Amino acid sequence: MSVRRILTVDGDLKTLKQKSKPVAGVDDELRVLMDDMLETMYAAPGIGLAAIQVGVPKRVIVMDLARGDEERQPRFFVNPQVIWASEEMQPYEEGCLSVPEIYDEVERPSRVKVRYLGYDGAPVEEDAEGLFAVCIQHEIDHLDGVLFLDHLSRLKRDRAIARVRKGQAEKAAPEREHAL
């Protein structure tokens, strides 16, 4: 397994806005991608990652909602789709590995039913609520070329992208010695 570079909005927005393609099925090559994505997500650290965030436009998501000292609970979603969403909406403060250090409230359906292929390629249908519902919808948005920023006003979105660009530029600037 290897850690891959996570694309960010300051330099990779065009790639992140691509719509990902469905995969024909789960094979060893796809499992290597999912394992790398999981390792990348853990290293970031994050709780969800879509393949497009590492530059691969395939409909693949990894997720682990375990907190703190809890045992890891990795999840794999191939060709995920929401097949039902509740009318009841719920706000949740979201962040994103592709939009570093930016958080804002997004309103989404509080419950959804999802269909996908698991790590072994077997079809799965399950209900999601709470953080799981938020995370799966956020990651499926990535597969459709939608960032959580796209759910915000244009002003908030533009400010967030400017803050990410400024933060990345500050990280890249060489440290200066004190002038004498």
Side-chain angles (χ1 to χ4, degrees), residues 1-13 15-18 20 26 30-78 80 82 90-108 110 112 114 116 118-119 124 126 128-152 156-157 159-173 175:
M1 291 191 289
S2 62
V3 174
R4 299 184 183 208
R5 183 178 81 84
I6 296 174
L7 306 183
T8 57
V9 295
D10 60 309
D12 306 301
L13 188 57
T15 301
L16 289 168
K17 298 299 278 175
Q18 285 182 35
S20 297
V26 179
L30 192 67
R31 281 188 277 275
V32 167
L33 170 65
M34 291 189 287
D35 291 341
D36 285 356
M37 288 171 59
L38 193 66
E39 197 67 26
T40 302
M41 182 192 76
Y42 286 143
I47 62 171
L49 188 70
I52 193 66
Q53 291 178 272
V54 293
V56 180
K58 294 183 178 181
R59 295 191 74 81
V60 177
I61 293 168
V62 297
M63 184 185 306
D64 190 337
L65 303 179
R67 297 180 187 261
D69 293 337
E70 293 178 359
E71 186 177 333
R72 288 184 171 174
Q73 301 170 16
R75 307 276 315 267
F76 305 91
F77 305 85
V78 177
V82 172
Q90 178 178 0
Y92 197 90
E93 186 175 74
E94 296 184 26
C96 180
L97 296 175
S98 291
V99 189
E101 301 177 30
I102 303 294
Y103 301 88
D104 212 320
E105 195 170 270
V106 175
E107 192 170 57
R108 297 183 185 275
S110 61
V112 294
V114 292
Y116 59 93
Y119 191 82
V124 179
E126 71 179 299
E129 59 183 277
L131 182 57
F132 179 30
V134 170
C135 192
I136 195 71
Q137 291 175 83
H138 176 110
E139 299 305 335
I140 289 173
D141 271 358
H142 274 298
L143 302 180
D144 294 328
V146 176
L147 298 168
F148 90 95
L149 296 177
D150 296 327
H151 292 279
L152 307 178
K156 281 186 171 186
R157 183 174 52 249
R159 282 184 180 166
I161 292 172
R163 283 180 33 212
V164 170
R165 286 186 177 133
K166 182 180 178 192
Q168 297 298 341
E170 288 172 358
K171 284 182 187 177
E175 288 192 36

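Source: prediction; values computed, not measured.
Distance CG/L16 to CG/L149: 10.5 Å, rounded to 0.5 Å. Rounded to the nearest 0.5 Å, atoms CD1 (I136) and CG (D141) are 10.5 Å apart. The CD1 atom of I52 sits 6.5 Å away from atom OG1 of T15, with the distance rounded to the nearest 0.5 Å. The OG1 atom of T8 sits 9.5 Å away from the CZ atom of R165 when rounded to the nearest 0.5 Å. In this structure, L49 CG and M63 CE are separated by 10.5 Å, a value rounded to the nearest 0.5 Å. Distance check: R159 CZ to K166 NZ gives 13.5 Å after rounding to the nearest 0.5 Å.
Q18 CD: more than 12 foreign heavy atoms inside a 6.0 Å radius. Heavy-atom contacts from other residues, nucleotides or ligands closer than 6.0 Å to CZ of R31 number more than 12.
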Original post:
Checking side-chain contact (heavy atoms from CB on, under 4.5 Å) for the pair L65/Q73: CA distance, chi angles, key distance, verdict?
Top reply: CA-CA 7 Å; L65 303 179; Q73 301 170 16; 5.9 Å; no
Original post:
Can you check side-chain contact (heavy atoms from CB on, under 4.5 Å) on E101 and V164, steps first, answer last?
Top reply: CA-CA 8 Å; E101 301 177 30; V164 170; over 6 Å; no
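Listed for the D64 side chain is no donor-acceptor partner under 3.5 Å among the backbone atoms of I47.
A cation-pi contact, defined as under 6.0 Å to the ring centre and within 45° of the axis, links R75 to F132.
Contact between Y116 and G118 at its shortest, heavy atoms only, is CD1-N, 4.0 Å. Nearest heavy-atom pair, I61 versus P80, reported as atom, atom and distance to 0.1 Å: CD1-CG, 3.6 Å. When all heavy atoms of K17 and G145 are compared, the closest pair comes out as NZ-O, 3.2 Å. Residue G55 comes nearest to P57 through the heavy atom pair O-CD, 3.5 Å, listed as atom of the first residue, atom of the second, then distance. For D36 against R4, the heavy-atom pair with the smallest separation is OD2-NH2, 3.0 Å. What you find for V26 and M34 is that their closest heavy atoms are CG1-CE, 4.2 Å.
Salt bridge annotation for D144-R59: present, with a cationic side-chain nitrogen under 4.0 angstrom from a carboxylate oxygen. A salt bridge links R5 with D12: the closest approach of a Lys/Arg side-chain nitrogen to an acidic carboxylate oxygen falls below 4.0 angstrom.
Considering only heavy atoms from C-beta on, F77 stays 4.5 Å or farther from I140 through its side chain. Side-chain contact between L131 and Y92 is present, with at least one heavy-atom pair separated by less than 4.5 Å. Side-chain contact between V78 and K58 is absent, with no heavy atoms from C-beta onward closer than 4.5 Å. At least one side-chain heavy atom of H142 sits under 4.5 Å from a side-chain heavy atom of L147.
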Show me, pair by pair, the donor-acceptor contacts under 3.5 angstrom made by side chains of residues 93-100, not counting sequence neighbours?
unit_1	atom_1	unit_2	atom_2	d
E94	OE1	R108	NH2	3.2
E94	OE1	H138	ND1	2.7
E94	OE2	R108	NE	2.7
S98	OG	L7	O	2.7
S98	OG	Q53	NE2	3.0

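Of the candidates L30, V124, V62, F76 forms a side chain to side chain contact (heavy atoms under 4.5 Å, CB included) with just one, namely V62.
Residues passing the salt bridge (charged side-chain N to carboxylate O under 4.0 Å, His left out) test with E39: none are found, sequence neighbours excluded.
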